[in-house]
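Lettering follows sequence order; numbering is per chain, from 1.
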Amino acid sequence: MSNEQEPRAAQAHFESRLAKLERLRERGVDPYPRRTERTHTSSEARALFEDDENTEHGVAVVGRLMTMRGMGRLTFATLRDGSGDIQVSFARDRFDPDDYQALKDLDLGDFLGVSGTLYRTRTGEVTVQADSYSVLGKALRPPPEKWHGLRNVEQRYRQRYLDLMANDEVREIFVVRSAVVSAIRRFMEDRGFIEAETPVLVPVAAGAMAAPFVTRHNALDRQLFLRIATELNLKKLLVGGFERVFEIGRIFRNEGIDAAHNPEFTTMESYEAYASYTDVMEMVESLVHQLVMLTHGKSTVTYDGQEIDLAPPWRRLPLIDAIREWSEIDLLSEEMRTADGLRAAMRERGLTPAEDSSWPQLVDKLIGDLVEPRLIQPTFLLDYPIEMTPLAKATEGDARLVERFEGFIGGMEVANSFTELNDPIEQAARLQAQEENREQFRDEDFDRLDEDFVTAVEHGMPPAGGLGLGIDRLVMILTGQTTIREVVLFPQLRTLE
RNA sequence: GGCCCGCUAGCUCAAUCUGGCAGAGCAGCUGACUCUUAAUCAGCGGGUUCCAGGUUCGAAUCCUGGGCGGGUCACCA
């Protein structure tokens, strides 16, 4: 029901529609019937007539009433269904007088069913000449303004259904998103990966460096977390004998909200036994290329005013080289390997690292400030410091680095991959070091030691290449959106009052 | 969290700089109209200008605080 807080004008509109609803009921019309007759979608009906204009085609169409133009004894209306719009016309001489009069009790936004015959109007529009109509769902509130749609950004997010109703280009973004997710699933299945569903509620929020959401299970009387990654459970499946697994799912990180971050977001993680991160690089290039060909029919997209070519091969750039080139800091030198030394060097270059940040945080900031914004064309950054990556295998010949890459497009991180660490003793030690760092730096973002996971690796895990792909950000690139809220149907907002 | 911007009728926007009756289009209501498609024509109604306080004879407008949203910086993989 309409609530009493509501402005008077809105209340009046609501009550006017309620009165029409009552009148329909008084005439014995059920405004919310259980069954619908539909023979054609609106685009099917139009095609049917255009294929053969000389035959009489009877159709029953349905849809939302978008416009209505009454001209005395003749009324035109537009219905919109999932396939598009179709015009219908009501001629008074084809109706019982009461039924024609009752068109007045219809409102924009109502769902209607119309049966009749297809014809072409004098102005050329394929139209259903109605013999009968029925209300399928009376709307008590009006649709957004018909020329300008809904512009208010806050309302677009809070009432996304109105946004979808009014703005075609918004609807198109989510159609593309669906096609992208579906294509990713097909790509993985075609390569022999099987899809897994692992728990969202977990006893330890491990597998990434991020702050978790905390919740509670009453019957078990214990604290649980929402997963911050799907990584560890998927690797347990490698231990169990699946050689190729993936999961498309929501993960949750209790961190800031901005144009590139929503607290819940969707990733595709995959693990392939007997592969390494170089194999994964090729898979990512190939997957993204396939997606851009699907959505654009070519390998290039325009993003934030820049032309980006996603065709393989992508640039491969060692992280250490990237940092050296754009900051002239040699991350491997002795003095840069301490937090104090690195912080001082960053300050000399005009950066503003926090006083209490840990060394991995500083490196992260260095990447974020100086490297990431320059990676507009697709680029793999290779080989990260071991301190910031506890789940990856060390690079051959340099124990300070691990085999890890991140994939960047348009200055955004979209992929993260390791040659997975499968040495249980080293794994336990590396995660233990994360625990100690978290204590020492009071930084909740260090990874956590999950004993169950270590036990699993102790049973023997095959060598593997793993991947995490940020689906929201990929969809941003593929739809030209510069904020994540435009590719998430219901982005997180503060609640009102 | 800092800074900047925004919030006016159901919707899209004016009026805010320079304080002086808060307007328009769409939507709604009444009527006319058998070829409209942003229908048209005639008429009507609709406002706690985000909230609270202040300055003033007078506040949508200026000031202070707050809310929500957007941008940006910081933080955050």
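For A/R73, a side-chain nitrogen or oxygen approaches OP1 or OP2 of B/U34 to under 4.0 Å. A/R141 has no side-chain polar atom (N or O) that falls below the 4.0 Å cut-off from OP1 or OP2 of B/C11. Checking the phosphate oxygens (OP1, OP2) of B/C76, a side-chain nitrogen or oxygen of A/Q361 falls inside 4.0 Å. For A/R158, a side-chain nitrogen or oxygen approaches OP1 or OP2 of B/G69 to under 4.0 Å. The phosphate of B/G28 (OP1 or OP2) has no side-chain N or O of A/K146 nearer than 4.0 angstrom. The phosphate of B/G28 (OP1 or OP2) has no side-chain N or O of A/K104 nearer than 4.0 angstrom.
Distances from the side chain of A/T67 to the nucleotides B/A39, B/C35, B/C76 place B/A39 closest. Considering only side-chain atoms of A/K20, the nucleotide from B/C76, B/U37, B/G28 that sits closest is B/G28. Of the candidate nucleotides B/C68, B/U36, B/G25, B/C68 has the atom lying nearest to any side-chain atom of A/E154. The nucleotide whose nearest atom lies closest to any side-chain atom of A/F76 is, among B/C11, B/C29, B/U36, B/U36. Checking B/C29, B/U34, B/U36 against the side-chain heavy atoms of A/Q87 singles out B/U36 as nearest. Each of B/G70, B/C29, B/U36 was ranked by its minimum atom distance to the side chain of A/L493; first place goes to B/G70. Listed candidates were B/A74, B/U37, B/C13. Nearest to the side chain of A/K365 is B/A74. The listed nucleotides are B/G10, B/C29, B/U36; the one nearest the side chain of A/M71 is B/U36. Among the nucleotides B/A39, B/G70, B/U34, the one closest to any side-chain atom of A/R485 is B/G70. Each of B/U12, B/U34, B/C35 was ranked by its minimum atom distance to the side chain of A/T121; first place goes to B/C35.
Nucleotides of RNA chain B nearest to A/Y119 and A/A210 differ in position, and the one nearer the 5' end is that of A/Y119. Each of A/Q492 and A/F446 lies near RNA chain B, and the nucleotide nearest A/Q492 is the one positioned closer to the 5' end.
Ring centroid separation for the pair A/Y100 and A/F90 does not come in under the 6.0 Å cut-off.
Annotation: A/E169, atom CD; neighbour count of heavy atoms from other residues, nucleotides and ligands within 6.0 Å is above 12. Within a 6.0 Å radius of CD in A/Q223, more than 12 heavy atoms belonging to other residues, nucleotides or ligands are found.
Under a 4.0 Å N-O distance rule, the pair A/K20/A/D105 does not qualify as a salt bridge.
A side-chain donor-acceptor contact under 3.5 Å links A/E486 and A/Y157.
Rounded to whole Å, the distance from CG on A/N152 to P on B/G10 is 13 Å. Rounded to whole Å, atom P of B/C29 lies 8 Å from atom CZ of A/R17.
Look at B/C44: its Watson-Crick or wobble partner, with both distances under 3.5 angstrom, is B/G28.
The base of B/U37 is not paired with the side chain of A/T78 by any donor and acceptor separated by under 3.5 Å.
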